[in-house]
**Q** 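A single structure is presented below for examination.
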Amino acid sequence: FELEQLGVHESVDAVFPPAELAAYLADLPIDVAVIDDDDIADCDAVVTMEHREAFLEVDWVHSIQAGVDRFPFDAFEDRGVVLTNSTGIHDRTVGETVAGYLLLFARRLHDHVANQQERRWDRPAWDEAFTLPGSTACVVGTGTLGRGVAETLGGLGVRVTGVRRSGEPVPGFDEIHANDRLLEAIADAEFVVVTVPLTDETRHLFDAEAFAAMREDAYFVNVARGAVVDEPALIDALEADALAGAALDVFEEEPLPADSPLWGMDEVIVSPHCAAYTRDYFRDTGDIVRENVDRLADGEPFHNRVV
Ligand code: NAD
């Protein structure tokens, strides 16, 4: 198809100002403009956060997120709409966020922040604080996020194991297990970190059985998608002290409802789906868009094509 008009949909505003991305791409040999829902029909391609039915009329949709579970793949395929995503850029951001969660728990920093709100001078019990070297983190999913987490935690002296479908080794991981050994792999770790996409196969992968397999002193970290976890089963495990705690960036319902018990748990860190945030996000995404505009012009296949 011929690309003349690229729209930056206003929904990207959840992550960065749309005008920043439009300005960053202004030197491309096509028209790039910030658009709202009324302008979609004028575009050949859109860069977006959310899905709109009107996108079925354009030729190419680029998701500024790595996860594309919100887009209807079958409808895109039927209408011949190309879908590309932003995987490949969230390794260091999410890796550092996960390292932050682990350091908060190990060094009890979350307790200090909570105590400070109450102007309370209260030290941890003698046996609460620990250091990370010698602990094991099991990272489930060894794509961009998983590798970024492994590299960042490895730098902190954590032993990192991974779970992937093939069970083949991955650089940065001390040991890899195949999917059919998930329960054994997580049973062996002080930290379990979820980095798989949400698919039919991974929906509720972490259920009561998985939480029962984990150590009672283990922390659970989800930076993938909320529905990879059976959230009521996680809440039950936390309330029963069958886990030490959890750091959660994603939830079955977002925003996390005000009445969720997760908000009030001392050993739970809630962040509002922003593990990959960085002031460079529009540049990182823009570079993928730019590369694909070039590839389209050269008749080469799209980078990060999903549909
Ligand atoms: P990616 O495509 O680079 O990696 C995903 C990996 O998961 C791939 O290696 C794939 O083979 C593997 N995988 C898929 N299904 C699997 C299964 N059933 N069992 C084991 N492994 C499986 O994607 P990414 O950039 O690493 O992102 C992964 C997911 O994380 C995204 O789909 C998105 O949902 C989520 N994400 C969340 C945030 C956030 O802000 N919290 C940011 C980026 C991505």
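Ligands are counted one by one from 1 in listed order, and the atoms in each one are counted from 1 as well. Heads up: numbering here begins at 1 and tracks the sequence.
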**Q** I need the minimum non-hydrogen distance between Val160 and Gly154, along with the two atoms involved.
**A**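 So the minimum-distance heavy-atom pair works out to CG2-N, 4.1 Å.
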**Q** Which side-chain hydrogen bond (donor to acceptor under 3.5 Å, both in side chains) pairs, counting each pair once, include a residue from residues 240-252, with sequence neighbours left out?
**A** His204-Glu252, Asp249-Ser271
**Q** Determine, using ring centers only, whether His9 and Phe55 are less than 6.0 Å apart.
**A**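 Here the rings of His9 and Phe55 have centres that are less than 6.0 Å from each other.
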**Q** Who are the salt bridge (charged side-chain N to carboxylate O under 4.0 Å, His left out) partners of Arg164, not counting sequence neighbours?
**A** none
**Q** Any protein N or O within less than 3.5 Å of an N or O in ligand 1? List each pair with its distance, or say none.
**A**
| residue | atom | partner | partner atom | Å |
| --- | --- | --- | --- | --- |
| ligand 1 | 3 (O) | Thr87 | OG1 | 2.9 |
| ligand 1 | 3 (O) | Thr144 | N | 2.9 |
| ligand 1 | 3 (O) | Thr144 | OG1 | 2.9 |
| ligand 1 | 9 (O) | Gly143 | N | 3.4 |
| ligand 1 | 11 (O) | Arg165 | NH2 | 3.0 |
| ligand 1 | 15 (N) | Arg165 | NH1 | 3.4 |
| ligand 1 | 18 (N) | Glu201 | OE2 | 3.3 |
| ligand 1 | 19 (N) | Asn179 | ND2 | 2.9 |
| ligand 1 | 23 (O) | Thr87 | OG1 | 3.1 |
| ligand 1 | 25 (O) | Thr87 | OG1 | 2.7 |
| ligand 1 | 26 (O) | Thr144 | N | 3.2 |
| ligand 1 | 26 (O) | Leu145 | N | 2.8 |
| ligand 1 | 34 (O) | Arg225 | NH1 | 3.3 |
| ligand 1 | 41 (N) | Val223 | O | 2.9 |
| ligand 1 | 41 (N) | Asp249 | OD2 | 2.9 |

**Q** For residues 221-231, which residue pairs pass the side-chain hydrogen bond (donor to acceptor under 3.5 Å, both in side chains) check, not counting sequence neighbours?
**A** Asp69-Arg225, Arg225-His273
**Q** Please confirm whether the ring centroid of His90 lies under 6.0 Å from the ring centroid of Tyr277.
**A** no
